[in-house]
Structures are given as C-alpha cells and as structure tokens.
There are 4 protein chains.
Amino acid sequence: MIKAAIIGDGYTAADLLRLLAGREEVQVEIICSTENIGRKINQVYPHLTGFYDVTLTTADLQEIKASCQVAFLALPHGLSVPMVQELVAGGVRCIDLGADFRLKDAAVYEKYYEKVHGAPHLLAEAAYGLPELYREEIRHTSIVANPGCYPTSSILPLAPLLRSGVLDSQGIIIDSKSGVTGAGRTPQPSSHFCEVNEGIKAYGVGVHRHTPEIAQELSLAAGTEVEVVFTPHLVPMNRGILSTIYARLRRGAKPSDVRRVLEEFYGSEPFVRILPEGVFPHTKWVYGTNFLDIGVHVNESSGQVILVSALDNLTKGASGQAIQNLNIMFGWPETRGLFFPGVHP
Amino acid sequence: MIKAAIIGDGYTAADLLRLLAGREEVQVEIICSTENIGRKINQVYPHLTGFYDVTLTTADLQEIKASCQVAFLALPHGLSVPMVQELVAGGVRCIDLGADFRLKDAAVYEKYYEKVHGAPHLLAEAAYGLPELYREEIRHTSIVANPGCYPTSSILPLAPLLRSGVLDSQGIIIDSKSGVTGAGRTPQPSSHFCEVNEGIKAYGVGVHRHTPEIAQELSLAAGTEVEVVFTPHLVPMNRGILSTIYARLRRGAKPSDVRRVLEEFYGSEPFVRILPEGVFPHTKWVYGTNFLDIGVHVNESSGQVILVSALDNLTKGASGQAIQNLNIMFGWPETRGLFFPGVHP
Amino acid sequence: MIKAAIIGDGYTAADLLRLLAGREEVQVEIICSTENIGRKINQVYPHLTGFYDVTLTTADLQEIKASCQVAFLALPHGLSVPMVQELVAGGVRCIDLGADFRLKDAAVYEKYYEKVHGAPHLLAEAAYGLPELYREEIRHTSIVANPGCYPTSSILPLAPLLRSGVLDSQGIIIDSKSGVTGAGRTPQPSSHFCEVNEGIKAYGVGVHRHTPEIAQELSLAAGTEVEVVFTPHLVPMNRGILSTIYARLRRGAKPSDVRRVLEEFYGSEPFVRILPEGVFPHTKWVYGTNFLDIGVHVNESSGQVILVSALDNLTKGASGQAIQNLNIMFGWPETRGLFFPGVHP
Amino acid sequence: MIKAAIIGDGYTAADLLRLLAGREEVQVEIICSTENIGRKINQVYPHLTGFYDVTLTTADLQEIKASCQVAFLALPHGLSVPMVQELVAGGVRCIDLGADFRLKDAAVYEKYYEKVHGAPHLLAEAAYGLPELYREEIRHTSIVANPGCYPTSSILPLAPLLRSGVLDSQGIIIDSKSGVTGAGRTPQPSSHFCEVNEGIKAYGVGVHRHTPEIAQELSLAAGTEVEVVFTPHLVPMNRGILSTIYARLRRGAKPSDVRRVLEEFYGSEPFVRILPEGVFPHTKWVYGTNFLDIGVHVNESSGQVILVSALDNLTKGASGQAIQNLNIMFGWPETRGLFFPGVHP
C-alpha cells in the first residue's frame, strides 16, 4: 500500500477522493487546503461521510515527503511548479492536475498564463498524462502533467487521424461545450446558478488557454505545425464536455479510413469507445466515468469530417485520468478503481 | 409623468426595470449601486440593452429628493431605514423591497435581524404592501413595506380563511420551495451552480426570518396569535415559489367553505387566481408574472386542508408587487404594466 | 381590428397567444387542434388563464375564411400546403410557421422532407419571412414562410457579410445549440426530462433539415452557391439557440469590415443588437424576446471569423418573428407588442 | 455464482445493471422487455457499453426457472403477481420492485391500485424489503416486496421514533420532493423536459398511492393506527427525494430523545447517516448511492419536530435497496457492491 497526498480541495480533489474510496493499494494520508484548514473532509464534502477520516491541513511538503509516495496537485496554475520541484527531489512522484507542466515550451506557457515558469528544466521530464498516447512515458516518469479537460476531449479523437495522415492538418475547428464544474468551486458571477441556468454562452472566444495545449499535441501527432480554432461554451449542467470537431479528409484518404483508424487505434483501449455508425455520444453516457466516447461522421462527397466526443470533465477530463496515470505509474492494472458504468440517468 | 429612483442593482432592481420599460407614466431617472458605479445599466444587465440609458451612481439622497417622486429601495436589511427616513422627509414616497418596515414590532425585528431598528416611529406609518389586504393604506402612505416573497405566498392563501374563521389558527405548517434568485445576485457557495443544480435541500429550518412576518399577518387576520411552522427549500430553478400549506378546518366549518371563501375574497382581484377543483399550481404558470395561483384540497373526513400556492418570487414576490403598489399610490390602474401572461414553457 | 386563426396548439401557438394577449388590433377568434378539441385554451395552457376565452376546435377552413383576415399555421410539415392554398384563395393571409413554403425549390423540399410538395406554384408567391432581409416582400404577400429557428440564427449574422463580399462563401461551419422547446410539445424519448437534463448531445449530424434552408438564403446573399456544414445540439434548457459560426475573411477584406458591415446593416433594426467588441451573447439575454444578439470575433492574423448569435427559438425563432411579419403585413408599427426586455434571470 | 433475471427494462432495471456490473457473485443472465425485444442492452442503454452482452427477450418464465436463482421484477403494478407466483413455485427467489406485495391488506391494495390482487395468500409470505427494519424476514423469504421510494424516505426516519414512543402518532405530515426518474422512463406530458424544467409542482395531493404503504409501516412501528398526510412534489432534477417530515413530541418525551433514538437505532447501519445538529441533508450528497441521510430539528418550546431525509430514489429508493436485499438473501456482506460515495457535484 502506498500513501498519497492531495494538495487542493476543489472539485477535482473531491473526485479523486470519490475514486480512491475503498482502494486497498492507496491510502489518502494528507489533504491540503488553504480555506478549510482544520475541518474534516466530510464537513467540506458531506457526500464523503463514512469514507475518510482526514483533517485538512496546510501544505507541508516536509511531511508529504516523509510520509507519501505520490502527490496529486490540484491547484491554480503557477502554484504547482515549486511544489513539484521539491516533492520530486524528495522522491515523491507527482501528478499535477493543473496546467504547469503541460506545455513543453516555457515561452508559450508564459504567453498564455502570463507567468514566468519557475522550473523550465522539468518540462522535458514531465510526461503528458494521456495514457492512450504516452503510456510508456507515464510509467517511468516522476512528473505527470495531467491533461486539461478540453484537450483530452479534442486530442484523443484527432491524434490517431493526424498521425496516420487521414486528416488535413489545417482548418481544424473544435467547438466544445462544458458543464460548470470545469470552472471550479469558487463562487463567482459566471458560475452563479441564476446566471448559468436556462442559458448557454460562448466564452474565451479566440483566446482560451487550452488552445496551445491542444495545438501542441496535435502538432506532435501530425508531425507538422497544427493550428486549431477552439471555442468553449458553458452549458447548464454540472459535468460533461461534448466537443464537436470539424476537419477535412486529406487528399488521397478514403472516407472509411476515419472510422477504421480510430477503431484500430482504440480497439484494445479500455476507456475509449468508438460508437457505431450513426450514433453520436451524449455526455450523460459517460457521467461520472473515465470513458471517452467518440462518434464519427464523414460526408463522402465533400470530405468533411465531423467527430463528436464526450467525456466527464472531472473524471476522464481530470481525476479519473489522474488515477489511470497513478495505476500505470505504480504498476497496477490500469482499470483498477475506474471500470464502472456511469450513473444514468 | 413621475420620476423614480431605484436604490440597489440586484435582481429585484432588474425586475423593476423590466416591468417599467416602456411605461409612459414613470421614468427611471436614477439607479444607485455600490459595486457598479459608473457603468451603464445595460453593461450590468445586457438584456436591458436598448431600453435604458442610465449610468449607475452612488446613492445621493439630495439628488433623489430634488428630482424624484418615488424611490424603490432594494437593499440588504438595515440599510433602508435611514434612507427612507430622509427621503420621506423630503417628500419622496418610498417602496422598500427589503425587510426594514415589514414587522410592526421593533423588538421582533431586532430579534430576527439582529439589529436595532433606527426609526421605530415610522413602523406605524408604513403600509404592508399586500394590495389584496391593504389597498387603502397603500394608497395613502408614503412608505410601503413590500412583503417578502415567502410571506406573500403564505399570507394570501391563508388570510381570508383565518379572517372568516374557516381554519383552525393553530398547527399551521408552511412548506415552501423557492428558486435561487431568492438568494440574490451575490455569488456564494450556496448558490454556486454546481452546488444547487440537480439537487434539493431545506435551509433555515426552524429559524428563517420570514417566519415572524408570516405570523404577524396571519395573527392580524385571525384576530389571535398565530404560530406557524415555516420551512423553506432551495430548488434548482431560477424563479418561482411553491408553498404547500397544511391547516385544519375549524370545528363547525364545512369543507366547501374553504373554496367558497377564497373564491369570494379573490373573485375580483386581477392577480390572484383560484384554480379549479383538482388542479394544483405549477410555478411555471406564473413565470415572470404578477399572478399568484392557489389550489385547494380538503379531506372531507379528516378536515385536513392543503393549500398550494405559486408565484414568481421576483415579480409578485417582489418587484411586480412593488409596481402594483406604485400604481395604487399614484392612482393609476392597478394592472398597468403588469397584466400579461408568463413566458411558457 | 382584425381577427386571427391559429391552426395548431403546440408551443409556437402558445407563444403566439402570449404575444397577442392584450393586442387591440388583433383578436384571436379561432384556435384549431387535433388532440384538444373541445377544451378551453386555458385548460391546455393554464398560464393563459384570464387572457382568452376560446374553445379549441377542429380546423374548419370555411369558418376561418368567413371570419378571419389572417391565419397562423403551426403544423408539422406537409399539412400546411393544402390549407394555405385554400385560405389564400379565400382571401385569408397566411403566416406559416412550418417548413412548407421556405424552400424555393420543390425538389429540395421533396428530398429533405420526403414528401411531394402539393402546391409548388405557390412557392414563388411566398415571402421568406425574415423582415430584416425581405421587409417589402412580406408587406405585399399573402403567404409568409416564417423561417426556421436555426436558419434565423444563422442567416441574419451571415447574410450581410456574404452580400457585401466580406466573407469567403466557402467553408462556413455553423455549430448550433438549442433548447428543448425546439423539439415541440409531443412527449418522446429524446425530450423526456431524464434523458435531456444534465447532458448535451449533437443530433442530425450531417443531415438536419434546416441545412438547405440556410444554404438557400446564404446563396442568395452571396450571389453564388454556398454550402454550409450545420450541426445542431440539444441543450438542457427550455428556450434559446446559440449559433457559433465559423467563416473566413475573403481575400482583400479587412478584419474591421466584419463589425462595420454588421453595424451598418443592422443599425436601425429594432430587433438585432450587435454587441460591443469582446462581448458575446448569452441566450438568457434574449429570453422570451424577439431580439437577436450577435457577437463578433476576427483573428487578424489568420482571418478566421467567429460570429456568435443568440435568439429565443420560440420568439425571434418562430412566433415573435411571425408577429413581426403580421405587423408588417397589416401596416402596424413593426415593434408593436414585441418591444420589451426579457425575463432575466 | 448465481444467475439473475431482470424483468423490465426501465430506469430501475438500468440502475440494477449499473450496480451489478462487475459483481463476481451474480451474473445477469436474462433481461426481459416488451418494447425492446431483440435489442442489445447497450443499444437501449449506451452507458452500459462494455459491461453486458445481453439481448433483451420477452419474459419466458420457464427459461428463468431453468437458469436463474433470483429474479428482479421492475414492472407496472399488477403484472408481478402471476409472475412471482410461478417463479417462486419454481424455486426462483423474487425481489419485486413494484407495488404488488407491499401492502399486507389486499383490500387496501385493491382500493388504491384499482385492481383485484391475484394472489393474496402470498402477501403474508412476502417480506417488506427495508433491511433496517426487517433484516431477518428478508434473509429467509422467497419474496421481497421492495419498498417504494417515498415510503423508504418517510418510514426510516419515523419508525424508530414511533416504536420508542418519542413521537405523537397523530398529525404527521410528510412533504416530499422527488426528481423525475421517479415517474419512470415512458415519455408523457408530465415528464416532458419543457414542462418540468424551471418549475415545481405538487401532484397526487391527498390521493397518492404511497400513502397507505407509509401508513401501514408507521402503524406497525407505533403499534397503533397512524394516519399520515403525504404530499409529493416534482422537482426539476433526475434523481433524489427530499422528505420534510413534521411531527410532534409525545407528551413526556424530551427534545433530546429524538436524536438519541435515531443515533442509537442507526448507529451500526451502514447506509443510514444521522447528520450532526444543524446540518440538513442535500439530495446531492446521496446521488447515485444507497445512503439515506437524516437531519433533525426539534423546537424545544413547542415540541415541534422536523425531520428531513434524503435518498436517491433509484438507488436506496429502489435498485440499491433491492441489491441490499439480494445480499441479505444470499448471505453476502450487506454492503457488497453498494458502499461507495456518490458522484458529486
């Protein structure tokens, strides 16, 4: 059994705790907070009553190094860098659910996050935590940069198709729709119930921070610079991201190649489900789970490709994927604690 | 044409502005804010774009006295008292949407609102702004204490029945369910989308501040001290209050008296609709409107009476009722600007 | 005063009745139904209680011809054709909220609606009821083909830009998100509360019937054949459509042309609001209203244009637009009964 | 390992399948349907993709008797009686999620369900499947009458208090609020998204079929005839029931007795959580789980008691409780497959 620390007590921390409850190989030893120090975790999250007896503490890296083998960091960007640096030096493997280690180019990080990166030398060491693409790197790294929720929903459908040259690498448009948990737990006007309920809006149009993360991974897959247009939207629901992705068949590719490549690439993956012809995903089908569902449409005459993906932003888009990475890092079956159907309806 | 000031820029202010848009007899001259000073009202509320060209200002009572005939106060409790005192002295009639002038007994106010009342001598002067009960007082007063949303939904169904002796005045239970706008516009954990959506809870169990306001008015109607049990609940919707009211037939009263008394009392009221036998209200039927719908059930053998009322907490429960009071105060037809069906569905 | 018939009793009929309540120039004389014959309209729609005293009847065209000057048809496709034919012959002007007269090419209609058009000779006579584009035709026609909700949200932002040559006419992608009222009032699995709530999905991917309607109008605006990719989504809310539109600046056009053309074209239109730079619409801002809001983003380096539009699918997307057309046809001020702010929040 | 049949394919069937996925002791061998015969279960419920490979069949009792040791019946009332009779005779233990075996008095069943009971002699044999009250009966029976969702939420908070004489057995009022899954999967106007979303209503006022079931169990607990007033409400959410229960301290009981009795009675129960003083339950805290949370308020001066309970109507209110009963019947640990925290938020 290993011991784990969770640094942060927002919604991704809560989902980590849900997924780790009852796991025999992992014990959550420490949960760090800034606003809830001294409270029991089940006072902060009453749905966890009966599962944990942990009191939230301020982040004490010495103590984590002394007692834990792994740390999950679920923090606003910028805060993870110094912590990861110290924890890794102390032998604690880190899974960072924030943005600090996702971008390989510190200059891009600096541009989008308006912050100098404090440890750029660690960027090369960090594995981008998409198991379906980087399983081996994850197995051996001490720093996992757990992907963003929008990037996960965008990269998994596209990467195999760009890698195999089925899609044109230019002109890709990703129109994503997210539930409100993606905006975190801190109350603010844009996530006030009355402002969200019974309406939909776009936000971050042309400037969202997940754009370079998506572009980085698609470029790596395509072997050439890929630019994407990415527009997120806020939907009146708690969980789920649906990404509708528009791309074009590359000259020479056959319409049937799209489905064939995806089915081959994901055929033995436990958490990616390619839906049958004519079936498109619903975020409800993956609610609370680690699955990513993909629907495929190709217009045979025009070569227009539409991919629709669905995931739960807190699970496959964050904490579930983090647990999947944890399983890989520690040599446990990758599906351990994650392979269950969603709550439906 | 008169000129009006609105002091406050929360949701009840927004609903006042919706209802006053296009009114020929009233011009909103001043809107006061603390957090949005210097912004145009349509920057704060883009849905009002095209209807007002008012810049929000700090509350300047001198200016209001100089230019306005009426002021709506939509403020947290305690803040209205000094303002109303000064405005009324300056000849401005005041409609207070807050709690400061609703309780006739300053000691009760002090107990529930934990604040000494700064102008108890004005309490007698203030009319409780339920037009169906106090139309004449409202017509002649310079201070209207606009009722709370829960009290409106509770008092209107019960008062005529207590007044006429049809119901037992003891053992009344009011179980109310409210949309989230009732909690105001300020973001806080309890109205964060993710915490409200897809769930329901009770709050203020046994201690809610609207209890003494309800008890005061029911006691006046019954001519004897009435105690009530009142439990509010938070429902994942923006607008609407449904109150399910449990009472008992008074010895000697006939089951049919309940419906008869209500139909007689409200027969010529424009905004109270007694629904047919077997039909119970839905908050959707009054969405955005000034109506209060009442459904009636009497168990003939046990004498148990169940009344179900529905209103829109921002309209008949706040701003619509305030406009109704305004119409009465200034001698306009009471339904002016208020008699329209709701947005449905 | 004219007399009107409404043929159909679904949600668009309900919204017509909401908007016509209290109108002095129009009296709703007849409401036709198939499932609710013999019931009062306020039994079917209790929110209309107090506004109408009409009993639903089967559609009797003789009676409509004898008593009405205008008929609104709110019917499934295919059913309007014979009725419109007879009514127009009898001197009744028709506003068809269905799809039967929108497509100018009967062959396209036949392909998408899988039905032979029964009166193709009337197609040329029918005006496409987008007042901002066809005001004069509407004024003089006896048949208005009231546009679809998705097409209204797509055509209004794009048509002026295609007409003026600012946008490339190829590669336009329209990603639309709609509330559930767009699916009508008949219960079915796909609009069952439990299947829609707390989730989002795409539907009709690549095959939705509104595609040719959009393409027709954009082609007319561009003066050349325009193909569009249109993907609708179902959002857990009642009302509202948000369309996120992706297009590219035409070679030679300046980024600033986009906003300039839209502001000029819609500068004096009462119901189209071009939002300020950096502001993107929210469907809540147009809730229950006849407004269409448009937000504009142009990437200056790539020439990528993103337009985001919002409307209420039942109002500007159906019944409000129908009333706007009615006002034009009968020479009343175009904003009569329609110029009010929405219910918010 | 035992084999199970599930007769019915509605939402409770789906929740059974969610909870049984991955269970080693139980294999779902047969799923019976009337509308989806011949379809794979993951075509009907795509969220189950990857977990079951079962094709839905018509109910063939011979086959069930030949291959299964247990059958779950999730059917409209009246349909279970003949099936249970035959299955039990064939040695198949039955867990009936419908109403057919809950009422001990066939005459009451007949009155409320308007149907003659086909096998009244089996009523005595059936155990009422509330493990916290009837664990031993459940262990040994071949027919479990799985309780209704509203009754579970009402009986568990009240039964220990009535049994111990802490509460007055008269004047109990239960005001319940339920999500829409309680109304089942069949589309109908009252569960159409647009009619439910953004509103709340009462239904079945004074006449709901769960009333006699609640009264029966409370009477058994109190040792005297208990009448209850029960009013259900429909809340715009999928899952969850919140019951607000009003009762009075019995003469001689102390206010502190209420909490004491509940904490003693449920102290070692795995699925009933008595919340701390001042904390009242939220249905979100039990979302998708088998927990029942109870909050307690006693007004010391008036003796008014308010109990608030929350459960997930499909889980502790139906399928989770059925699995709990299954575990008891077959001698497995009672929490097997059921002890996990909910999806939150």
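Residue numbering restarts at 1 for every chain, and letters A, B, ... go by the order of the sequence lines.
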Would you mind checking chain D against chain C for donor-acceptor pairs under 3.5 Å and listing them?
residue   : atom : partner   : partner atom : Å
Tyr11(D)  : OH   : Glu195(C) : OE2          : 2.4
Gly184(D) : O    : His192(C) : NE2          : 3.0
Ser191(D) : O    : Phe193(C) : N            : 2.8
Ser191(D) : OG   : His192(C) : ND1          : 3.4
His192(D) : ND1  : Ser191(C) : OG           : 3.4
His192(D) : NE2  : Gly184(C) : O            : 3.0
Phe193(D) : N    : Ser191(C) : O            : 2.8
Cys194(D) : O    : Asn238(C) : ND2          : 3.1
Glu195(D) : OE2  : Tyr11(C)  : OH           : 2.5
Asn197(D) : ND2  : Asn238(C) : OD1          : 3.0
Asn238(D) : OD1  : Asn197(C) : ND2          : 3.0
Asn238(D) : ND2  : Cys194(C) : O            : 3.1

All heavy atoms of Pro189(D) vs all of Pro187(C), minimum pair found to be N-CG, 3.4 Å

Taken in chain and number order and not counting sequence neighbours, the residues that satisfy side-chain contact (heavy atoms from CB on, under 4.5 Å) with Ala183(D) are none

